[in-house]
Amino acid sequence: MRYDFSATEKKWQARWAEQNTFATGTDQNKPKYYVLDMFPYPSGSGLHVGHLEGYTATDIITRYKRCRGFNVLHPMGWDAFGLPAEQFAIKTGTHPRLTTEINISSFRDTLKSMGFSYDWSREINTTDPGYFKWTQWIFLKLHEMGLAYMSEIDVNWCEELKVVLANEEVDEKLADGYTVVRKPLRQWVLKITAYAERLLEDLDGLDWPENVKQMQRNWIGRSEGVEIDFELRCHRTNLRVYTTRPDTLFGATYLVISPEHPMAEKLATAQQLTAVKAYIEQAKLKTELERTGLQKDKTGVFTGSYAINPATGEALPVWISDFVLTSYGTGAIMSVPAHDSRDWEFAKKFGLPIREVVKSPHDVQEAVFEAKESVSVNSSNDEISIDGLPFKAAFDRMATWLESKGKGKRTVNYRLRDWIFSRQRYWGEPIPIKHYEDGTMRHETNLPLTLPEVEAYHPTSTGESPLANIEEWLIGSDEHGRYRRETNTMPQWAGSCWYYLRFIDPANAEKLIDPSRERYWMNVDLYIGGAEHAVLHLLYSRFWHKVLYDLGVVSTKEPFQRLFNQGMILGEDNEKMSKSRGNVIPADLVLSTYGADAVRLYEMFLGPLEQVKPWNTNGIEGISRFLSKVWRLVYAENETSLRITEEKPGHAVLKRMHKAIRKVSEDTELLKFNTAISEMMVLVNELHKAGCYSREAVETVLLLLSPFAPHITEELWQTLGHEQSISGAAWPLFDPSMAKDDVVTIAVQVNGKLRGTYDAPADCPKEQLLEEAKKLESVVKFLEGQSIVKEIVVPGKLVNFAVKPL
RNA sequence: GCCAAAGUGGCGGAACUGGUAGACGCGCUGGACUCAAAAUCCAGUGGGUGCAAACUCGUGUGGGUUCGAGUCCCACCUUUGGUACCA
């Protein structure tokens, strides 16, 4: 009897659904384990083998943990608001809801045919009013807490298309010949910067890949520096700059402010005014990309004004340049061209003086010297000297001096910016805010505030979302007067910021989440997803979670205790899978050819989970062979009768078996599925070789394999007479004494080169190992005529003789 | 440029805290079964020299530490991911 994967997989998937096999356990006395996938955006192109990698990994862990006695929460849902469905609607008039529904049902089918053991009764969808009611609720809380505010923000505005573009879209539109300008629009902004310090600090306690933590640290970009006031010569105000190198103050030879700096125009002298105005105007036309992107050539204009260097008393010219960012620090810098490459470049271009104040190994007129591992020079006046001091000491003395003179203040700065939270789109959560005629704003308390039906999905000519065209929805009145609704919607990130909480209590109509369930299930014990979310999604989620923590909605400071990034699966040509390359391997295709168990095993066998690796359809044949070998542990070839025996396995087989239990258990815990599978292959090969079809051994194989290949093992488990699902069976335990070798092969080396091996008992004492080694024929000839300088014995491993010619 | 990770057979990859490099799988070669094929099974499979026993080289490159290095240290090269004037 041959294994028919197609019929078997269908049979068990139907039975699992019918019997609710994977319903989440509710007995709170049992230990819990929460395994979460990054839920997908249900796109129209369906799932390919790359998408299934992470889901397979979490499913293996889920099934494994269940067998180890945990209540496991393993849910799935849909991040279903988003641009593609809306673009499709603009083109075809199809309602995004319909597109989304169709895509979801195709995604769900594929996931089900992989045999994933999700608790489908907890499925959530971010576009479901019952869900986004709470997304809106969180937004209102953010607003109450002063963490959501409106501000004029520059957006990428395309004149011809009358549309706001996302940063990612700008390049492509420019290439098509459109013009994109920066235009200020009133936007909702979330004050994530208020949580910068906590977001940074709490990273330390997380079991996350080091590179992801590092990326978040870089993104938050904490820096310690000093704000220094420079007196302006012909103005009563000061010019405040931010620097992380106060130790180089003596080397500051000019100042630069950004074109948007409030003082920019005021500082222009009569003579310079025309040039300054022209420069500011020109900067406005440039997009963010043009200003910060590839073009590195420095531009700038002199204001005509001067400021006094508090350390040297010198008058420094004040320049305007767009390389200085308005939104970082004070929007103004002191330039120390000798020790900062940007300042150096600028100074060279405009002929400004360069003065060495940190001892440099070369002439700073020729090249910049930026390293901090040196000491200050030329840095003293009547009141202070930092000459000879290394960076840290020089920094401190200078900062203290400036503070004592009231000219400066130590400051911490973050690179992190507040989060622009509004989109001028239809297919997103409406922001539940009412704007009244008197200019006040109130919350829409009747949540959820749902989307109205619209005729057309195009943004309006003013750049507002299509919602601005729907009078009935837009305008209303209540006891506070006439109001106009907020027409911006939330970005796609919003729904994914807190979905992991809703899975715990998906149907709660009264609360976002029930506190006792929250306390039982949080945190997420294992969160698996792609590295592309290393910063944004994971940072935004952590931010919302901390806000909910402050609100008392959740009991943990962090949402995801352990994070794991699966590596991408490349196409067979070693390139990223993409439609345009034509190298996409669709999930449904391999599923129908090889079956779910083979696909699951192969995806995991390909290599380490975290690694990027190419798909190779040929390789899956090996897995199919392995599965039929497993099948033949129970059914002999061409036989319908069982070959299983009730005898105890032989000693050698038993040892092999216990070793496999240990290895597979350890590797599964560590998500090292490739080596776990390899170990199972070794065991199965061994059983066939030994002709051992003992029930004890075969059932062990089935149990070990069941999280990986649930269908075939379920079928054979039933064949062997079990009435309960193998998914509920207890994980096998190993006997440590059985999992140990009693005979080991000892390697014998002479001068580190392998010259022979022999078998010895595992606990053989050193002396005896040496004796035996010296007797080996293949070793003796290398010892002849030599004097042994040193004898190294590693029990259970090897013997090495260091020799010298006599 | 900066930050992070990684370079091992024809290919994917394995190798615990330094201890027999190449597990497992793909592919390939030969054989068995068959009228034949598929499937399956058995044997072999890093390079070089050799009839053989055996010897020798070999984990990106060059040095170093060590009885012993894929693994540790230094320098360099390449690839991938992140970031991009953050003062």
Side-chain angles (χ1 to χ4, degrees), chain A residues 2 209-219 221-223 225 241-245 248 256 291-296 298 321-325 327-336 339-343 345-346 370 413-417 531-532 534-535 565 567-568 570 574 576 601-602 605-608 610-623 625-626 628-629 632 637-638 663 666 672 674-682 685 688-689 745-757 778 781 788-794 796-803:
Chain A
R2 289 182 55 88
E210 206 40 57
N211 66 318
V212 175
K213 289 206 229 180
Q214 197 53 43
M215 275 159 72
Q216 294 220 345
R217 285 189 196 108
N218 292 341
W219 193 264
R222 183 183 201 273
S223 76
V241 307
Y242 173 72
T243 181
T244 54
R245 296 294 303 270
T248 62
V256 190
R291 278 179 58 166
T292 62
L294 305 166
Q295 161 234 358
K296 298 227 167 177
K298 298 270 184 294
S321 174
D322 64 6
F323 84 83
V324 176
L325 304 174
S327 48
Y328 184 78
T330 60
I333 61 162
M334 66 176 211
S335 279
V336 185
H339 306 294
D340 181 285
S341 59
R342 297 153 302 182
D343 297 345
E345 236 178 87
F346 194 84
E370 294 186 290
N413 246 309
Y414 300 92
R415 227 186 68 139
L416 183 70
R417 301 296 155 77
E532 66 274 18
V535 178
N565 293 129
M568 210 185 334
L570 305 174
N574 241 305
K576 196 170 167 171
L601 275 169
Y602 185 56
F605 187 62
L606 224 43
E610 67 278 12
Q611 199 165 297
V612 176
K613 48 215 174 276
W615 177 267
N616 175 4
T617 301
N618 284 337
I620 203 171
E621 298 284 354
I623 295 292
R625 271 173 220 159
F626 169 64
S628 49
K629 283 183 201 169
R632 288 204 314 277
E637 211 168 347
N638 305 321
K663 176 85 174 147
E666 285 171 359
K672 289 167 78 173
N674 54 331
T675 46
I677 293 167
S678 157
E679 184 69 17
M680 291 189 267
M681 288 173 166
V682 172
N685 288 344
H688 277 295
K689 210 172 216 169
T745 306
I746 302 295
V748 185
Q749 301 179 332
V750 178
N751 282 343
K753 282 189 178 160
L754 182 70
R755 296 303 181 189
T757 61
S778 57
K781 66 181 178 188
I788 296 177
V789 185
K790 200 170 176 184
E791 292 166 340
I792 296 105
V793 186
V794 183
K797 286 274 179 197
L798 61 59
V799 175
N800 187 13
F801 299 104
V803 301

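Note on naming: letters A, B, ... go to the chains in the order of the sequence lines (proteins, then strands), and numbering restarts at 1 for each one.
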Undergrad: Each nucleotide in nucleotides 40-59 of chain B should get exactly one letter: B, S or -. Can you fill that in based on protein heavy atoms under 4.0 Å?
TA: SS------------SSSS--
Undergrad: Among the nucleotides B:G12, B:U20, B:A87, which one has an atom lying closest to any side-chain atom of A:Tyr328?
TA: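 It is B:A87.
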Undergrad: Can you tell me how far P of B:U79 sits from NZ of A:Lys576, to the nearest Å?
TA: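 After rounding, the gap between these two atoms is 18 Å.
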Undergrad: Mind checking the C1' distance from B:U59 to B:C72? Whole angstroms is fine.
TA: 16 Å
Undergrad: Quick one: A:Phe323 CZ to B:A84 P, roughly how many Å, whole number?
TA: 18 Å
Undergrad: Can A:Met681 and A:Ile623 be said to form a side chain to side chain contact (heavy atoms under 4.5 Å, CB included), step by step?
TA: CA-CA 9 Å; A:Met681 288 173 166; A:Ile623 295 292; 3.8 Å; yes
Undergrad: Kindly indicate, with the supporting measurements, whether the criterion side chain to side chain contact (heavy atoms under 4.5 Å, CB included) is fulfilled by A:Tyr602 and A:Thr617.
TA: CA-CA 9 Å; A:Tyr602 185 56; A:Thr617 301; over 6 Å; no
Undergrad: Quick one: is the NZ or CZ of A:Lys298 closer than 6.0 Å to the six-membered ring centre of A:Phe346, and within 45° of its axis?
TA: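 Cation-pi check for A:Lys298 and A:Phe346: fails.
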Undergrad: Please report the distance separating the P of B:G60 from the corresponding atom of B:U78, rounded so that it comes out in whole Å.
TA: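 The answer is 16 Å between these two P atoms.
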Undergrad: Applying the side chain to side chain contact (heavy atoms under 4.5 Å, CB included) test to A:Phe801, which of A:Val748, A:Asn751, A:Val789, A:Ile792 qualifies?
TA: A:Val748
Undergrad: A:Met215 CE to B:C2 P: how many Å, rounded?
TA: 19 Å
Undergrad: Choosing from B:U20, B:C67, B:G25, which nucleotide comes nearest the side chain of A:Lys790?
TA: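 Nearest nucleotide to the side chain: B:C67.
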Undergrad: Output the rounded distance in Å from CD (A:Gln214) to C1' (B:G82).
TA: 11 Å
Undergrad: Side chains of A:Asp343 and A:Ile333: closer than 4.5 Å at any heavy-atom pair?
TA: yes
Undergrad: Counting heavy atoms from C-beta on, name the nucleotide in B:C3, B:C67, B:G12 closest to the side chain of A:Ile792.
TA: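 Of the options given, the side chain of A:Ile792 lies nearest B:C67.
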Undergrad: Pick base, sugar-phosphate or nothing for A:Asn674, based on heavy-atom distances below 4.0 Å to the nucleic acid.
TA: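 Sugar-phosphate, backbone atoms only, no base.
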Undergrad: Got a minute to check which stems RNA chain B is part of, using Watson-Crick or G-U wobble pairs under 3.5 Å, three or more consecutive?
TA: B:1-7 with B:77-83, B:10-12 with B:24-26, B:27-32 with B:40-45, B:46-49 with B:54-57, B:60-64 with B:72-76
Undergrad: Which nucleotide in the set B:C16, B:A87, B:G25 lies at the smallest distance from any side-chain heavy atom of A:Met681?
TA: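 Minimum distance to the A:Met681 side chain belongs to B:G25.
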Undergrad: Does A:Asn685 offer a backbone N or O that forms a donor-acceptor pair with the side chain of A:Lys629 under 3.5 Å?
TA: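 No; zero donor-acceptor contacts below 3.5 Å.
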Undergrad: In whole angstroms, how far is the P atom of B:C67 from the CG atom of A:Asn800?
TA: 10 Å
Undergrad: Is B:G48 in the syn or the anti form, by the rule that syn lies within 90° of 0?
TA: anti
Undergrad: Looking at every strand, decide which applies to A:Pro608 at a 4.0 Å heavy-atom threshold: base, sugar-phosphate, or nothing.
TA: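 It contacts sugar-phosphate atoms only.
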Undergrad: Measure the distance from CD on A:Gln216 to P on B:A4 and round it to the nearest whole Å.
TA: 17 Å
Undergrad: Please measure how far the P atom in B:A21 lies from the corresponding atom in B:G70, and state the result in whole Å.
TA: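 Result for the P pair: 8 Å, nearest Å.
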Undergrad: What do the steps show when you test A:Glu791 against A:Val799 for side chain to side chain contact (heavy atoms under 4.5 Å, CB included), and what is the final call?
TA: CA-CA 7 Å; A:Glu791 292 166 340; A:Val799 175; over 6 Å; no
Undergrad: Without decimals, in angstroms, what is the distance between A:Tyr602 OH and B:C24 C1'?
TA: 13 Å
Undergrad: Under 4.0 Å, heavy atoms only, any strand: does A:Gln749 hit a base, just the sugar-phosphate, or nothing?
TA: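 Result for A:Gln749 = base.
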Undergrad: Which part of the nucleic acid, if any, lies within contact of A:Asn685, taking any heavy atom under 4.0 Å across all strands shown: a base, the sugar-phosphate backbone alone, or nothing?
TA: sugar-phosphate
Undergrad: Evaluate A:Arg217 against A:Gln214 for side chain to side chain contact (heavy atoms under 4.5 Å, CB included), listing each step before the verdict.
TA: CA-CA 5 Å; A:Arg217 285 189 196 108; A:Gln214 197 53 43; 3.1 Å; yes
